Protein chains: 2
Amino acid sequence: MGHGEEVLRRCLSHRGLKFTRQRRLITEAFLNAEEHITAEGLYRRVSGRDPRVGLATVYRTLALLCECGLARRHDFGEGQTRYEHSYDRGHHDHLICQVCGKVTEFHHPKIERLQKEVSEQARFTPLSHRLEIYGYCEGCSPRKG
Amino acid sequence: MGHGEEVLRRCLSHRGLKFTRQRRLITEAFLNAEEHITAEGLYRRVSGRDPRVGLATVYRTLALLCECGLARRHDFGEGQTRYEHSYDRGHHDHLICQVCGKVTEFHHPKIERLQKEVSEQARFTPLSHRLEIYGYCEGCSPRKG
DNA sequence: GTGGATGCAAACGATTTGCAAGCAT
DNA sequence: ATGCTTGCAAATCGTTTGCATCCAC
(Lines give C-alpha, C1' and ligand atoms only; values in the text may rest on other atoms or scores of the structure.)
Protein backbone atom coordinates (compact mmCIF):
# COMPACT_ATOMS: atom_id res chain seq x y z
CA MET A 1 0.00 0.00 0.00
CA GLY A 2 1.34 3.42 -0.96
CA HIS A 3 1.96 6.23 1.44
CA GLY A 4 -1.03 8.21 0.19
CA GLU A 5 -3.41 5.44 1.13
CA GLU A 6 -1.85 5.33 4.56
CA VAL A 7 -2.69 9.01 4.96
CA LEU A 8 -6.28 8.35 3.99
CA ARG A 9 -6.54 5.41 6.35
CA ARG A 10 -5.33 7.52 9.26
CA CYS A 11 -7.60 10.40 8.30
CA LEU A 12 -10.60 8.06 8.18
CA SER A 13 -9.96 6.22 11.43
CA HIS A 14 -9.35 9.54 13.14
CA ARG A 15 -12.92 10.43 12.28
CA GLY A 16 -14.43 7.05 12.99
CA LEU A 17 -14.84 6.28 9.30
CA LYS A 18 -14.07 3.01 7.58
CA PHE A 19 -11.38 2.05 5.11
CA THR A 20 -13.35 -0.02 2.63
CA ARG A 21 -12.43 -1.97 -0.46
CA GLN A 22 -13.99 0.74 -2.66
CA ARG A 23 -12.12 3.55 -0.96
CA ARG A 24 -8.85 1.70 -1.36
CA LEU A 25 -9.51 0.95 -5.03
CA ILE A 26 -10.55 4.49 -5.83
CA THR A 27 -7.69 6.07 -3.93
CA GLU A 28 -5.13 3.82 -5.55
CA ALA A 29 -6.53 4.52 -9.00
CA PHE A 30 -6.57 8.24 -8.28
CA LEU A 31 -2.98 8.35 -7.08
CA ASN A 32 -1.80 6.41 -10.11
CA ALA A 33 -3.87 8.39 -12.59
CA GLU A 34 -2.87 11.40 -14.59
CA GLU A 35 -2.98 14.72 -12.82
CA HIS A 36 -6.25 16.62 -13.26
CA ILE A 37 -8.58 13.70 -13.69
CA THR A 38 -12.33 13.94 -13.88
CA ALA A 39 -14.75 12.05 -11.60
CA GLU A 40 -16.09 10.26 -14.68
CA GLY A 41 -12.56 9.46 -15.84
CA LEU A 42 -11.63 8.04 -12.48
CA TYR A 43 -14.88 6.06 -12.43
CA ARG A 44 -14.00 4.51 -15.79
CA ARG A 45 -10.56 3.56 -14.53
CA VAL A 46 -11.91 1.98 -11.38
CA SER A 47 -14.70 0.21 -13.25
CA GLY A 48 -12.05 -1.50 -15.32
CA ARG A 49 -10.78 -3.26 -12.22
CA ASP A 50 -14.06 -3.70 -10.43
CA PRO A 51 -17.31 -3.08 -12.31
CA ARG A 52 -19.25 -3.14 -9.07
CA VAL A 53 -18.04 0.28 -7.95
CA GLY A 54 -20.63 3.01 -8.40
CA LEU A 55 -20.09 6.54 -9.68
CA ALA A 56 -21.65 7.97 -6.55
CA THR A 57 -18.99 6.28 -4.47
CA VAL A 58 -16.29 7.81 -6.63
CA TYR A 59 -17.76 11.26 -5.96
CA ARG A 60 -18.08 10.52 -2.25
CA THR A 61 -14.51 9.25 -2.04
CA LEU A 62 -13.11 12.20 -3.97
CA ALA A 63 -14.78 14.48 -1.44
CA LEU A 64 -13.03 12.56 1.32
CA LEU A 65 -9.69 12.74 -0.47
CA CYS A 66 -10.11 16.51 -0.67
CA GLU A 67 -10.90 16.74 3.03
CA CYS A 68 -7.85 14.64 3.86
CA GLY A 69 -5.59 16.85 1.77
CA LEU A 70 -4.88 14.20 -0.86
CA ALA A 71 -6.84 15.88 -3.64
CA ARG A 72 -7.71 19.36 -4.76
CA ARG A 73 -10.64 20.48 -6.88
CA HIS A 74 -10.17 22.56 -9.99
CA ASP A 75 -12.56 24.17 -12.42
CA PHE A 76 -10.89 24.82 -15.73
CA GLY A 77 -14.11 25.98 -17.32
CA GLU A 78 -14.97 22.72 -19.03
CA GLY A 79 -18.23 22.24 -17.18
CA GLN A 80 -16.89 19.49 -14.98
CA THR A 81 -14.60 19.47 -11.99
CA ARG A 82 -11.10 18.09 -12.23
CA TYR A 83 -9.24 16.65 -9.26
CA GLU A 84 -5.50 16.88 -8.86
CA HIS A 85 -3.11 15.15 -6.48
CA SER A 86 -2.16 17.37 -3.61
CA TYR A 87 -0.30 15.06 -1.30
CA ASP A 88 3.36 15.86 -0.85
CA ARG A 89 3.24 18.44 -3.61
CA GLY A 90 4.13 22.09 -3.39
CA HIS A 91 1.65 24.72 -4.42
CA HIS A 92 1.57 25.49 -8.11
CA ASP A 93 -0.54 27.31 -10.68
CA HIS A 94 -1.70 26.48 -14.19
CA LEU A 95 -1.25 27.41 -17.82
CA ILE A 96 -4.30 26.18 -19.71
CA CYS A 97 -4.36 25.83 -23.49
CA GLN A 98 -7.71 26.92 -24.88
CA VAL A 99 -7.24 24.83 -28.02
CA CYS A 100 -6.08 21.40 -26.90
CA GLY A 101 -6.90 21.70 -23.20
CA LYS A 102 -3.38 20.85 -22.07
CA VAL A 103 -2.65 21.98 -18.54
CA THR A 104 0.92 22.88 -17.59
CA GLU A 105 1.94 23.66 -14.05
CA PHE A 106 4.27 26.35 -12.85
CA HIS A 107 5.40 27.85 -9.60
CA HIS A 108 6.55 31.41 -9.11
CA PRO A 109 7.54 32.46 -5.58
CA LYS A 110 7.66 36.15 -6.49
CA ILE A 111 4.03 36.12 -7.56
CA GLU A 112 3.09 34.39 -4.31
CA ARG A 113 4.91 37.03 -2.33
CA LEU A 114 3.16 39.85 -4.18
CA GLN A 115 -0.18 38.19 -3.49
CA LYS A 116 0.54 38.34 0.20
CA GLU A 117 1.41 42.02 -0.14
CA VAL A 118 -1.84 42.76 -1.90
CA SER A 119 -3.81 40.86 0.73
CA GLU A 120 -2.17 42.74 3.56
CA GLN A 121 -2.93 46.05 1.95
CA ALA A 122 -6.59 45.06 1.78
CA ARG A 123 -6.54 43.77 5.37
CA PHE A 124 -7.42 40.37 3.96
CA THR A 125 -6.19 37.07 5.42
CA PRO A 126 -5.25 34.82 2.49
CA LEU A 127 -5.68 31.08 2.93
CA SER A 128 -5.33 29.82 -0.60
CA HIS A 129 -5.36 31.08 -4.11
CA ARG A 130 -5.86 30.04 -7.65
CA LEU A 131 -4.03 31.50 -10.61
CA GLU A 132 -4.85 30.30 -14.09
CA ILE A 133 -3.45 31.68 -17.30
CA TYR A 134 -5.47 30.88 -20.43
CA GLY A 135 -4.04 31.01 -23.92
CA TYR A 136 -2.22 28.89 -26.50
CA CYS A 137 0.39 26.28 -25.67
CA GLU A 138 3.46 26.07 -27.86
CA GLY A 139 2.00 23.48 -30.22
CA CYS A 140 -1.32 25.29 -30.64
CA SER A 141 0.01 28.81 -31.07
CA PRO A 142 -1.37 30.36 -34.28
CA ARG A 143 1.95 32.08 -34.94
CA LYS A 144 3.69 28.72 -34.95
CA GLY A 145 5.89 27.71 -37.90
CA MET B 1 -29.92 55.17 -22.91
CA GLY B 2 -26.53 54.56 -21.33
CA HIS B 3 -23.33 54.11 -23.21
CA GLY B 4 -23.17 50.40 -22.46
CA GLU B 5 -26.48 49.79 -24.20
CA GLU B 6 -25.20 51.68 -27.18
CA VAL B 7 -22.27 49.27 -27.36
CA LEU B 8 -24.64 46.32 -27.28
CA ARG B 9 -26.87 47.85 -29.95
CA ARG B 10 -23.90 48.32 -32.27
CA CYS B 11 -22.57 44.84 -31.55
CA LEU B 12 -25.98 43.34 -32.35
CA SER B 13 -26.66 45.24 -35.53
CA HIS B 14 -23.15 44.46 -36.72
CA ARG B 15 -24.11 40.79 -36.59
CA GLY B 16 -27.60 41.21 -37.95
CA LEU B 17 -29.20 40.64 -34.56
CA LYS B 18 -32.06 42.62 -33.07
CA PHE B 19 -32.18 45.04 -30.18
CA THR B 20 -35.34 43.94 -28.42
CA ARG B 21 -37.27 45.23 -25.43
CA GLN B 22 -36.02 42.28 -23.35
CA ARG B 23 -32.40 42.81 -24.30
CA ARG B 24 -32.66 46.47 -23.38
CA LEU B 25 -34.32 45.72 -20.04
CA ILE B 26 -31.85 43.00 -19.12
CA THR B 27 -28.81 45.02 -20.18
CA GLU B 28 -29.98 48.07 -18.27
CA ALA B 29 -30.65 46.02 -15.17
CA PHE B 30 -27.28 44.32 -15.48
CA LEU B 31 -25.35 47.56 -15.84
CA ASN B 32 -27.14 49.07 -12.85
CA ALA B 33 -26.80 45.98 -10.69
CA GLU B 34 -24.12 45.13 -8.23
CA GLU B 35 -20.92 43.73 -9.62
CA HIS B 36 -20.79 39.93 -9.72
CA ILE B 37 -24.47 39.21 -10.10
CA THR B 38 -25.96 35.81 -10.71
CA ALA B 39 -28.24 34.94 -13.64
CA GLU B 40 -30.99 34.18 -11.14
CA GLY B 41 -30.37 37.44 -9.34
CA LEU B 42 -30.54 39.42 -12.53
CA TYR B 43 -33.69 37.55 -13.51
CA ARG B 44 -35.33 38.56 -10.22
CA ARG B 45 -34.39 42.18 -10.79
CA VAL B 46 -35.74 42.22 -14.31
CA SER B 47 -38.89 40.38 -13.32
CA GLY B 48 -39.62 43.20 -10.90
CA ARG B 49 -39.98 45.57 -13.81
CA ASP B 50 -41.47 43.20 -16.32
CA PRO B 51 -42.74 39.81 -15.15
CA ARG B 52 -43.01 38.62 -18.71
CA VAL B 53 -39.27 38.20 -19.16
CA GLY B 54 -38.11 34.59 -19.00
CA LEU B 55 -35.05 33.20 -17.26
CA ALA B 56 -33.88 31.62 -20.51
CA THR B 57 -33.76 35.03 -22.12
CA VAL B 58 -31.65 36.33 -19.26
CA TYR B 59 -29.16 33.53 -19.88
CA ARG B 60 -29.22 34.13 -23.61
CA THR B 61 -28.70 37.85 -23.16
CA LEU B 62 -25.89 37.39 -20.67
CA ALA B 63 -24.13 35.23 -23.25
CA LEU B 64 -24.49 38.06 -25.73
CA LEU B 65 -23.20 40.61 -23.25
CA CYS B 66 -20.13 38.44 -22.75
CA GLU B 67 -19.55 38.17 -26.49
CA CYS B 68 -19.87 41.94 -26.84
CA GLY B 69 -17.35 42.55 -24.08
CA LEU B 70 -19.87 44.04 -21.67
CA ALA B 71 -19.82 41.14 -19.22
CA ARG B 72 -17.40 38.54 -17.98
CA ARG B 73 -18.13 35.17 -16.43
CA HIS B 74 -16.71 34.15 -13.08
CA ASP B 75 -16.86 30.98 -11.06
CA PHE B 76 -16.19 31.67 -7.42
CA GLY B 77 -16.91 28.08 -6.43
CA GLU B 78 -20.50 28.65 -5.33
CA GLY B 79 -21.96 26.29 -7.87
CA GLN B 80 -23.35 29.05 -10.02
CA THR B 81 -21.77 31.48 -12.44
CA ARG B 82 -21.47 35.15 -11.61
CA TYR B 83 -21.32 37.87 -14.23
CA GLU B 84 -19.37 41.07 -13.77
CA HIS B 85 -19.35 44.31 -15.74
CA SER B 86 -16.43 44.49 -18.09
CA TYR B 87 -17.17 47.54 -20.17
CA ASP B 88 -14.75 50.40 -19.75
CA ARG B 89 -13.07 48.65 -16.86
CA GLY B 90 -9.45 47.68 -16.54
CA HIS B 91 -8.48 44.13 -15.75
CA HIS B 92 -8.57 43.21 -12.10
CA ASP B 93 -8.45 40.20 -9.83
CA HIS B 94 -10.39 39.12 -6.75
CA LEU B 95 -10.12 38.62 -3.03
CA ILE B 96 -12.93 36.30 -1.97
CA CYS B 97 -14.04 35.93 1.64
CA GLN B 98 -14.86 32.32 2.43
CA VAL B 99 -17.11 33.34 5.31
CA CYS B 100 -19.37 36.10 4.04
CA GLY B 101 -18.71 35.69 0.33
CA LYS B 102 -17.66 39.31 -0.14
CA VAL B 103 -15.63 39.88 -3.27
CA THR B 104 -13.06 42.68 -3.35
CA GLU B 105 -11.20 43.65 -6.47
CA PHE B 106 -7.58 44.56 -6.85
CA HIS B 107 -5.13 45.25 -9.58
CA HIS B 108 -1.42 44.64 -9.41
CA PRO B 109 0.65 45.45 -12.52
CA LYS B 110 3.75 43.71 -11.17
CA ILE B 111 1.88 40.42 -10.85
CA GLU B 112 0.63 40.80 -14.41
CA ARG B 113 4.15 41.37 -15.64
CA LEU B 114 5.46 38.30 -13.85
CA GLN B 115 2.68 36.25 -15.40
CA LYS B 116 3.90 37.28 -18.83
CA GLU B 117 7.41 36.26 -17.86
CA VAL B 118 6.25 32.85 -16.70
CA SER B 119 4.27 32.35 -19.91
CA GLU B 120 7.24 33.25 -22.09
CA GLN B 121 9.45 30.82 -20.26
CA ALA B 122 6.93 28.07 -20.96
CA ARG B 123 6.55 29.17 -24.61
CA PHE B 124 2.90 29.83 -23.82
CA THR B 125 0.88 32.63 -25.41
CA PRO B 126 -1.28 34.16 -22.64
CA LEU B 127 -4.63 35.59 -23.64
CA SER B 128 -6.32 36.05 -20.30
CA HIS B 129 -5.95 34.99 -16.74
CA ARG B 130 -7.80 34.60 -13.54
CA LEU B 131 -6.32 35.16 -10.11
CA GLU B 132 -8.43 34.58 -7.04
CA ILE B 133 -7.27 34.75 -3.46
CA TYR B 134 -9.49 32.96 -0.95
CA GLY B 135 -9.46 33.74 2.76
CA TYR B 136 -11.05 36.00 5.37
CA CYS B 137 -12.01 39.59 4.79
CA GLU B 138 -11.28 42.09 7.54
CA GLY B 139 -14.68 41.73 9.20
CA CYS B 140 -14.65 37.94 9.15
CA SER B 141 -11.07 37.40 10.27
CA PRO B 142 -10.97 35.04 13.29
CA ARG B 143 -8.11 37.04 14.83
CA LYS B 144 -10.29 40.14 14.78
CA GLY B 145 -10.83 42.14 17.97
C1' DG C 1 -43.00 39.91 -44.68
C1' DT C 2 -39.17 37.44 -42.71
C1' DG C 3 -35.74 35.70 -39.93
C1' DG C 4 -34.25 36.34 -35.58
C1' DA C 5 -36.13 36.46 -30.54
C1' DT C 6 -39.14 35.00 -26.93
C1' DG C 7 -41.53 32.17 -23.23
C1' DC C 8 -42.56 28.02 -21.70
C1' DA C 9 -41.63 23.55 -20.56
C1' DA C 10 -38.91 19.82 -21.29
C1' DA C 11 -34.11 18.28 -21.73
C1' DC C 12 -29.54 18.30 -20.07
C1' DG C 13 -25.28 16.98 -17.54
C1' DA C 14 -22.73 17.00 -13.53
C1' DT C 15 -23.29 16.02 -8.95
C1' DT C 16 -25.97 14.65 -4.74
C1' DT C 17 -29.11 12.06 -2.06
C1' DG C 18 -32.68 8.50 -0.15
C1' DC C 19 -32.95 4.02 0.92
C1' DA C 20 -32.55 -0.88 1.69
C1' DA C 21 -28.87 -4.05 1.88
C1' DG C 22 -23.86 -4.89 2.92
C1' DC C 23 -19.69 -4.95 5.47
C1' DA C 24 -15.69 -3.05 8.46
C1' DT C 25 -15.09 -2.37 13.08
C1' DA D 1 -24.04 -6.21 16.76
C1' DT D 2 -23.63 -1.40 15.19
C1' DG D 3 -23.68 2.10 12.23
C1' DC D 4 -20.89 3.72 8.50
C1' DT D 5 -20.93 2.51 3.31
C1' DT D 6 -22.56 1.01 -0.80
C1' DG D 7 -25.15 0.73 -5.33
C1' DC D 8 -28.94 2.01 -7.55
C1' DA D 9 -32.17 5.05 -9.07
C1' DA D 10 -34.35 9.17 -8.36
C1' DA D 11 -33.69 13.94 -7.21
C1' DT D 12 -31.32 18.31 -7.66
C1' DC D 13 -29.75 22.45 -9.62
C1' DG D 14 -27.87 25.52 -12.84
C1' DT D 15 -28.13 26.02 -17.53
C1' DT D 16 -29.58 24.97 -22.39
C1' DT D 17 -32.73 23.80 -25.98
C1' DG D 18 -37.08 22.70 -28.95
C1' DC D 19 -40.82 24.78 -30.66
C1' DA D 20 -44.81 27.54 -31.72
C1' DT D 21 -45.56 32.31 -31.46
C1' DC D 22 -44.01 37.04 -31.60
C1' DC D 23 -41.84 41.21 -33.19
C1' DA D 24 -37.87 44.32 -34.78
C1' DC D 25 -36.18 45.26 -38.94
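Hydrogens, waters and symmetry mates are skipped; everything else that's a heavy atom, side chains included, is used. Here is how names work: the chains are called A, B, and so on, in the same order as the sequence lines, proteins then strands, and each is numbered from 1. This one's a predicted model, so the numbers in the text were calculated from it and none came from an experiment.
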Any stem touching DNA chain D, meaning at least three consecutive Watson-Crick or G-U pairs under 3.5 Å, ordered by first number, would be C:1-25 with D:1-25
Between Phe124(A) and Ile96(B) the two heavy atoms that sit nearest each other are CZ-O, 3.3 Å
Correct closest heavy-atom pair for Leu70(B) and Gly4(B) would be CD1-O, 3.6 Å
Item to complete: May I ask you to evaluate whether Thr81(B) reaches the phosphate of dG14(D), defined as a side-chain N or O under 4.0 Å from OP1 or OP2?
Response: no
Note: contacts of residues 53-65 of chain B with DNA chain D (heavy atom, under 4.0 Å) are Leu55(B), Ala56(B), Tyr59(B), Arg60(B)
*Mind checking Ser13(A) for me? I need base, sugar-phosphate or nothing, with any heavy atom below 4.0 Å counting as a touch.*
nothing
Atom CZ of Arg23(A) and atom P of dT25(C) are separated, to the nearest Å, by 10 Å
| Salt bridge between Glu117(A) and Lys110(B), side-chain N to carboxylate O under 4.0 Å? | no
Can you tell me if CZ on Arg73(B) sees more than 12 non-hydrogen neighbours from other groups inside 6.0 Å? no
Item to check | More than 12 heavy atoms of other groups within 6.0 Å of Arg52(A) CZ | outcome: no
Among dT15(C), dT6(D), dG4(C), the one nearest any side-chain atom of Gln22(A) is dT6(D)
Under a 4.0 Å heavy-atom cutoff, the residues of residues 34-51 of chain A touching DNA chain C are none
Donor on one side chain, acceptor on other, His94(B) and Glu84(B), under 3.5 Å: yes
Between Thr20(A) and Arg21(B), whichever has its closest DNA chain C nucleotide further toward 5' is Arg21(B)
